Amino acid sequence: MLLGTGCASLGQPAGGLPSASLPSAGSPTPEIRPEVVLCQGNEVSRQALDNPRPASELGPEAAPALAGRGVTAFDPVTWLIAQESSDRVMLMNKLAAPQDHGHGDVRDYMYIVISTHSMASEPGKPVWAVVESSTCTPTLDLGELRAGAVTLDPSLPPAPESDRVALLVTEFDCNSGKNAEGRIDVVKLVETESTVEVVLGVQPAGAQWATCQGNPATPFAVDLERPLGNRTILDAAVLPAREITAPARPGTGG
């Protein structure tokens, strides 16, 4: 299946000291919808991932999508149904190995969206055609906030005796190559004996016009209740939660 590029590339990480850590007491807490995840902005039910149905089980109204324009030959048994309706089908296939695009942008799935609402459609005659294809990692739906790519700040590596973790957060949304300073919130922080699980959200800049050349990483610190010790730091905004490590260069695989 031919895959396109479905999102802007990430910029190089920026150095410097971490910005403010926890949000102020008056900051609203975003509502997390645990039953829904996002794949490049496409809503996918957790049920579709936890109990996958193969594309070979598409209903009679949606099955013609498999023969749509731009859909190359593939094994429908290996692709799961992420969305299904009479005019839109989204399929996902877990990659044999995650794709590390660098700077914390790691993709676990490839996906394709096939719809009758496309430029290939004809008046009065629905035509199934590919409208989107790329790779993604399922992320929590943070409502008005957006999950970003997260790495450790290599200039301030975590120390066992420290009660602060320095991170770099890269915004996915187009923002004309500017960072996300002042727009990052700690949505959730859970500390256990073995892990520190953090969910960070980026408030959209709200710019009416923005270019998509990729954004620089924004330094951001998270304050802990006690020293880090040997606990693993996890990005819990992605599913499953992934260890946060120092940034990798694109194409290095980690």
Side-chain angles (χ1 to χ4, degrees), residues 1-11 30-50 52 62 65 68 70 79-85 87-95 98-119 129-150 169-178 180 183-185 187-188 199-215 217-218 235-242:
M1 186 174 294
L2 181 64
L3 295 177
T5 53
C7 72
S9 61
L10 297 180
E31 180 181 357
I32 299 176
R33 293 195 293 164
E35 75 282 1
V36 175
V37 295
L38 299 178
C39 171
Q40 294 284 44
N42 296 290
E43 292 190 357
V44 179
S45 71
R46 290 284 297 273
Q47 183 74 9
L49 299 180
D50 295 339
W79 289 70
L80 65 86
I81 303 170
Q83 297 177 0
E84 178 182 3
S85 69
D87 58 6
R88 181 181 172 91
V89 168
M90 178 177 175
L91 307 176
M92 297 174 64
N93 188 15
K94 192 160 188 178
L95 297 165
Q99 292 182 355
D100 191 339
H101 292 237
H103 319 303
D105 181 13
V106 181
R107 315 284 180 87
D108 290 323
Y109 285 86
M110 63 175 65
Y111 75 91
I112 185 170
V113 178
I114 316 163
S115 173
T116 59
H117 300 288
S118 69
M119 296 183 65
V130 175
V131 296
E132 185 180 346
S133 62
S134 188
T135 54
C136 75
T137 284
T139 61
L140 294 178
D141 183 355
L142 303 179
E144 295 181 356
L145 301 184
R146 304 286 187 268
V150 184
V169 182
T170 306
E171 183 176 19
F172 285 112
D173 288 358
C174 299
N175 193 39
S176 301
K178 301 177 182 178
R183 296 187 286 111
I184 302 172
D185 290 334
V187 178
K188 187 177 181 180
V199 176
L200 301 180
V202 181
Q203 299 174 0
Q208 187 172 4
W209 303 102
T211 55
C212 299
Q213 66 268 43
N215 305 313
T218 304
D235 180 2
V238 300
L239 283 89
R242 179 183 295 123

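What you see below is based on every heavy atom in this structure, not just the backbone, and it leaves out hydrogens, waters and symmetry mates. Along the sequence shown, residues carry numbers from 1. Bear in mind the structure is a predicted one, so any value in this text is a computation, not a measurement.
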query: Say you draw a straight line from CG of Leu140 to CZ of Arg146; how long is it, rounded to the nearest 0.5 Å?
result: 13.5 Å
message: Quick check: do Ile81 and Leu91 have side-chain heavy atoms less than 4.5 Å from each other?
response: yes
Partners passing side chain to side chain contact (heavy atoms under 4.5 Å, CB included) against Ala82 (at least two apart in sequence or in another chain): Val44, Leu80, Met90, Met92
message: Keeping Asn175 on the side-chain end and Gly177 on the backbone end, is there a donor-acceptor pair under 3.5 Å?
response: no
- prompt: What pair of heavy atoms forms the shortest contact from Ala149 to Phe172, and how long is it?
  reply: N-CE1, 3.5 Å
field: Reported CG-to-CG distance for the pair Leu239 and Asp50, which is rounded to 0.5 angstrom
entry: 8.5 Å
query: Measuring from Gln40:CD to Thr135:OG1, what's the distance to the nearest 0.5 Å?
result: 6.5 Å
query: Where do Val169 and Leu200 come nearest, in terms of heavy atoms and distance?
result: CG2-CD1, 3.7 Å
query: How long is the span from the OH atom in Tyr111 to the OG atom in Ser134, to the nearest 0.5 Å?
result: 5.0 Å
task: Identify, with sequence neighbours excluded, every residue that meets side chain to side chain donor-acceptor pair (under 3.5 Å) alongside Ser85.
output: Asp87
Heavy-atom closest pair, residues Val89 and Ala65: CG2-CB, 3.9 Å
field: For Arg88, salt bridge (Lys or Arg N to Asp or Glu O under 4.0 Å) partners two or more places apart
entry: none
- request: State the CD-SG distance between Glu132 and Cys39, to the nearest 0.5 angstrom.
  value: 8.0 Å
message: In the structure I gave you, are the side-chain heavy atoms of Pro204 and Glu144 within less than 4.5 Å of one another anywhere?
response: no
statement: Across all chains, not counting sequence neighbours, the side chain to side chain contact (heavy atoms under 4.5 Å, CB included) partners of Ala180 are Glu171, Arg183, Ile184, Val202, Thr218
- line: For Leu38 and Glu43 the tightest heavy-atom approach is CD2-CG, 3.7 Å
- request: Only counting residues at least two apart or in another chain, list the ones meeting side chain to side chain contact (heavy atoms under 4.5 Å, CB included) with Arg242.
  value: Val106, Asp108, Thr137, Val238
field: Euclidean distance, Asp173 CG relative to Asn215 CG, rounded to 0.5 Å
entry: 8.5 Å
statement: Taking every heavy atom of Ala236 against every heavy atom of Ala241, the minimum-distance pair comes out as CA-CB, 3.9 Å
message: Using modelled atom types and a 3.5 Å cut-off, is there a donor and acceptor pairing between side-chain atoms of Ser176 and backbone atoms of Lys178?
response: no
field: Residue pair Asp185 / Gln203: nearest heavy atoms and the distance that separates them
entry: OD2-NE2, 2.8 Å
